[in-house]
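Chain letters run A, B, ... following the sequence lines, proteins first, then strands; residues in each count from 1. Worth saying up front: this structure is predicted, and the values here are computed from it rather than measured.
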Amino acid sequence: MPELPEVETIRRQLKKAILNKKITKVEVLSKKQFPQNPKLVVGKIIIAVERRAKLLIIKLTHQKNLIIHLKLSGQLIWQSNPPAGGQKIKLKRVIPTVGEFLPSKSTRVILTIGRGKLFFNEMRKFGWIKLLTNVQLDKELQKYGIEPFRKDFDQKSFAKALTNTRRPIKTVLLDQEKIAGIGNIYANESLYLSKIHPAMPANTLNAKQVNGLRENIIKVLKLGLKYGGASDEYYIHPDTTRGTYQNHFSVYGKSGESCRKCRSIIKRISLGGRGTYFCPGCQKAE
DNA sequence: AAGATTGTTGCTTA
DNA sequence: TTAAGCAACAATCT
């Protein structure tokens, strides 16, 4: 699933492809994924490509912003030289859930930008693209918590985010209003590195654990970025290549395998209704 | 074939 | 009053 490193990787690639280009056509194949009037975007020029939390923000002229949430299975695929006319685009390689041609059965929106086309695919129809004014965008972004790569993600602010809640630390890490951009993969991996049991109530972590976890969150997110994100399931880059962080997981999706540090068997439990992976040997509940 | 899975929202419960 | 728990969403896999 696209989390901070995955969305950031897409942002960097996409920026190179579409910055300063004009949107000339918007094709909405699934209204739920693009509820607003697509005509409001046509003719606008892309002046910035930004990210906040797991949101991709495409800033346009006339104070308009396209906000994209990829949710569980969203993909953004860029084709710089699509064939003229309406025929399907044949891809160089077969991509899982996409197949060999674009648009595919999971394509929900197609943006024509300059000479290229940007395909928004989302198999499950949870993801969306919204059009917001600058004022609406500011308001929307306010509800998100600390951005892990910013300087203000320090020990003090992180400790504050963890007080006053007895929820499991793993659940709090996934709470976008507390910390922005962490999903299931990076929550599990950062807790493993920190030797903290995922079910520990957040307000029972001591200062050393809080700071260790903070440092390891930054560490795993940077590692994810280094490998171009985790193409564990549906995530791919705009150029259709895959990230490789999935080859470096310590616990995520590894129940039944042995821990690389202590040889204990990785366990899977459910917290907040979500799959949670940890090493019972390394991650003790105190 | 019913149930689990997944991130987020919005409703219900405590 | 507010935190916490959970159904719902869509599609796929088991």
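Regarding contacts with the backbone of B:dT8, a side-chain N or O of A:Gln176 is found under 4.0 angstrom from either OP1 or OP2. Under 4.0 angstrom from either OP1 or OP2 of B:dT5 there lies at least one side-chain N or O belonging to A:Arg268. Between A:Thr165 and C:dA4 there is a side-chain N or O to OP1 or OP2 distance below 4.0 Å. Taking only side-chain nitrogens and oxygens, A:Lys143 comes nearer than 4.0 Å to OP1 or OP2 of B:dT9. Residue A:His69 places at least one side-chain N or O under 4.0 Å from the OP1 or OP2 atom of B:dT8.
Rounded to whole Å, atom C1' of B:dT5 lies 15 Å from atom CG of A:Leu271. Atoms CG (A:Leu174) and C1' (B:dT5) sit 14 Å apart, rounded to a whole Å. Between the P atom of C:dT2 and the CZ atom of A:Arg167 lies a distance of 16 Å, rounded to the nearest Å. Going from atom CD of A:Glu177 over to atom P of B:dG7 covers 16 Å, rounded to whole Å. Rounded to whole Å, the distance from CG on A:Asp175 to C1' on C:dG5 is 13 Å. In this structure, the NZ atom of A:Lys71 is 6 Å from the P atom of B:dT9, given to the nearest Å. The interatomic distance linking A:Lys32 (NZ) with B:dT8 (C1') rounds to 11 Å, in whole Å. Rounded to a whole Å, the OH atom of A:Tyr252 is 5 Å from the P atom of B:dT6.
Between A:Asn203 and A:Asn164, the side chains place no donor N or O within less than 3.5 Å of an acceptor N or O (distance only, hydrogens not considered).
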Go through the steps to decide whether A:Glu140 and A:Arg52 satisfy the test salt bridge (charged side-chain N to carboxylate O under 4.0 Å, His left out), and finish with yes or no.
CA-CA 11 Å; A:Glu140 175 91 12; A:Arg52 170 87 167 101; over 6 Å; no
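Taking the six-membered ring for Trp and thresholds of 30 and 60 degrees, A:Tyr252 and A:Tyr277 have ring planes more than 60 degrees apart, a perpendicular arrangement. The aromatic rings of A:His237 and A:Tyr235 sit perpendicular to each other, their planes meeting at more than 60°, with 30° as the lower class boundary. By the 30° and 60° cut-offs, the orientation of the rings of A:His69 relative to A:Trp128 is tilted.
Taking the side chain of A:Lys125 as heavy atoms from C-beta on, and the options B:dG7, C:dA10, C:dA4, the nearest nucleotide is C:dA10.
Between A:Pro168 and A:Arg274, the one whose closest nucleotide on DNA chain C sits nearer the 5' end is A:Pro168. The nearest heavy atom of DNA chain C to A:Gly272 and to A:Tyr234 marks one nucleotide each, and the one closer to the 5' end goes with A:Gly272.
A stacked arrangement is assigned to A:Phe126 and the six-membered base ring of C:dC9, with a centre-to-centre distance below 5.5 Å and an interplanar angle below 30°.
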